[in-house]
Protein chains: 2
Amino acid sequence: MMPRFRDFTTTELRFVSSFKTGELVAEPGASILSQGSNSAHLFTVLSGWAFRYKTLSDGRRQILNYMLPGDLIGLQGSLMGELEHAVEALTPLVLCVFQRDRLHELYRNHPGLGYDVTWLAAREERMLDEHLLSLGRRSALERAAYLVAFLYRRGESVGLGKGGRIEVPLTQQHVADTLGLSIVHTNKTLRKLANLNLLRWHDRSCEVLDAEGLRSVAKWEEPEERRRPLI
Amino acid sequence: MMPRFRDFTTTELRFVSSFKTGELVAEPGASILSQGSNSAHLFTVLSGWAFRYKTLSDGRRQILNYMLPGDLIGLQGSLMGELEHAVEALTPLVLCVFQRDRLHELYRNHPGLGYDVTWLAAREERMLDEHLLSLGRRSALERAAYLVAFLYRRGESVGLGKGGRIEVPLTQQHVADTLGLSIVHTNKTLRKLANLNLLRWHDRSCEVLDAEGLRSVAKWEEPEERRRPLI
DNA sequence: CGGCCCATTGATACCTATCAAGGACCGTGG
DNA sequence: CCACGGTCCTTGATAGGTATCAATGGGCCG
């Protein structure tokens, strides 16, 4: 029986699905999938951080969300034929590779897993909803606080908090492209949060000092993370 | 056999699923679901327009997306127990009601339908991705052009174009809350688009004069709508 | 050492929010 | 009938938040 609705551990993931066809390792900055691609594969993150983004024709980039261990990569492409966003590694990344044309088969033979895939899609949707609220209605300071608190929470929920400290692996350019701000203003905004003793910025990572304070600045009412399925 | 992957007609929908438990009719402005609710129901739109939104504690509102015939309402709540957004009717609305606790059953007995639910979730995700790009990286004028072109496209794709003309049923307050702009600036921005002969604004609706022109202003590269499943 | 990426900071310009006011329309009640 | 309040749309003036421009320092690597 496949493990499901259990606490997450990276090592377990490697044995989860009979649909696995291989493993893939990528370096930071590596492009995993590109916009408009018609990849034959669907991935699950085994370890590392990645992000997905879209760009306008003139190059403006918007980061849509981040992927951590347990997240699916490329589901949209698998279901609809063509991916409308690109995916890039933020840290060294280990992926589990599935063949997307066997997705139908998965639904037929493992309805529980099919349900779990939908669960993950609904969870992604919920995150995007909150990001939209951020971009549309939060100020720059609130947005930055939300993003850092959000990423901290995500890291924590997959057990990345070694001794309570999590280093979120980002550059300020990533933050800017996530928040829809210029890089200069992003810098000034992060500095304000640092001066409030809510976070500390390192070379290419962010250390959270006060998650509750960040959530408060962001006015973020975080939904409790329910038991999650394991794909 | 249930109809699937076919062209959409409203009347067909009424017979689609054995999981249907009733029908619901709502008036414009009516609240269908509210933030934090734990509704026992899942809906499909049979006719009319609705939208879903989130609010910050101080009242700032962000509209997340719009629902048209064929769209699901409340999937997040069905899968994760609690809905993190509210839903409101924009026009007179007819909904088909399902019982959410039978969703597992649906996946078990009708894997094809389960697949279709996931397809719809992935499609919603794709729309949210584009909205995020809009809020993060498009100017006010581009955003407004994108929104109108987007809603026009959606209406068209479910056959609302009577004689080529579609009236999108919105107030400028809705537009403002979708684009993350103030209502005053929204008004001035829509006026610019009207002066460019791209649209005409009526009392509480928007008429599209030049969909291609709007897409061009927005720099929106619209993905082709594939054959969609019918729930 | 030079080149490059990343973070930082000040000055200025521009886009959007806020404030204020008014017109059009529509239902309601005097 | 008309006055009244409400919602929606419109417009001008001013304030404020964010973008852009310019320049610097630190770290890393060829």
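Chain letters run A, B, ... following the sequence lines, proteins first and then strands; every chain starts at 1.
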Here the distance between atom P of dA7(C) and atom CG of L193(A), to the nearest Å, is 15 Å

Q172(B) atom CD is separated from dT11(D) atom C1', nearest whole Å, by 12 Å

Atom CG of L181(B) and atom P of dT10(D) are separated, to the nearest Å, by 15 Å

**Prompt:** Will you find, in the side chains of Q76(B) and E84(B), an N or O donor that is under 3.5 Å from an N or O acceptor?
**Reply:** no

Quiz item: When we call it a touch if two heavy atoms are under 4.0 Å apart, what does S182(A) touch: a base, just sugar-phosphate, or nothing?
Solution: base

>> Ring centroids only, cut at 6.0 angstrom: are Y53(A) and F51(A) within range, meaning strictly under it?
In response: yes

Original post:
How is L190(A) classified with respect to the nucleic acid when contacts are heavy atoms under 4.0 Å: base, sugar-phosphate, or nothing?
Top reply: nothing

Between R191(A) and dT9(C), is there a contact of a side-chain N or O with OP1 or OP2 at under 4.0 Å?
yes

Closest heavy-atom pair, A218(B) versus E142(B), reported as atoms and distance to 0.1 Å, is CB-O, 3.5 Å

Notebook entry, point to check: Would you say dT10(D) has OP1 or OP2 under 4.0 Å from some side-chain N or O of N187(B)?
Noted result: yes

Separation of dC15(C) atom P from R138(B) atom CZ, nearest Å, is 18 Å

Between A89(A) and I32(A) the two heavy atoms that sit nearest each other are N-CG1, 4.2 Å

Ranking V184(A) and R137(A) by the position along DNA chain C of their nearest nucleotide, the one closer to 5' is V184(A)

Item to complete: Ignoring backbone atoms, establish whether Q173(B) has a side-chain N or O less than 4.0 Å from OP1 or OP2 of dC9(D).
Response: no

Of the listed dT9(C), dT16(C), dG12(D), the closest approach to the H185(B) side chain comes from dT16(C)

Compute whether any side-chain donor of one residue and acceptor of the other, for D129(B) and Q62(A), lie under 3.5 angstrom apart. no

Note: for I183(B) and T171(A) on DNA chain C, the residue whose nearest nucleotide lies more 5' is T171(A)

Quiz item: Which is true for G29(B) with a 4.0 Å heavy-atom rule: it touches a base, it touches only sugar-phosphate, or it touches nothing?
Solution: nothing

E142(B) CD to dC15(C) P, in whole Å, measures 12 Å

By nearest-heavy-atom nucleotide on DNA chain D, the more 5' of T186(A) and D203(B) is D203(B)

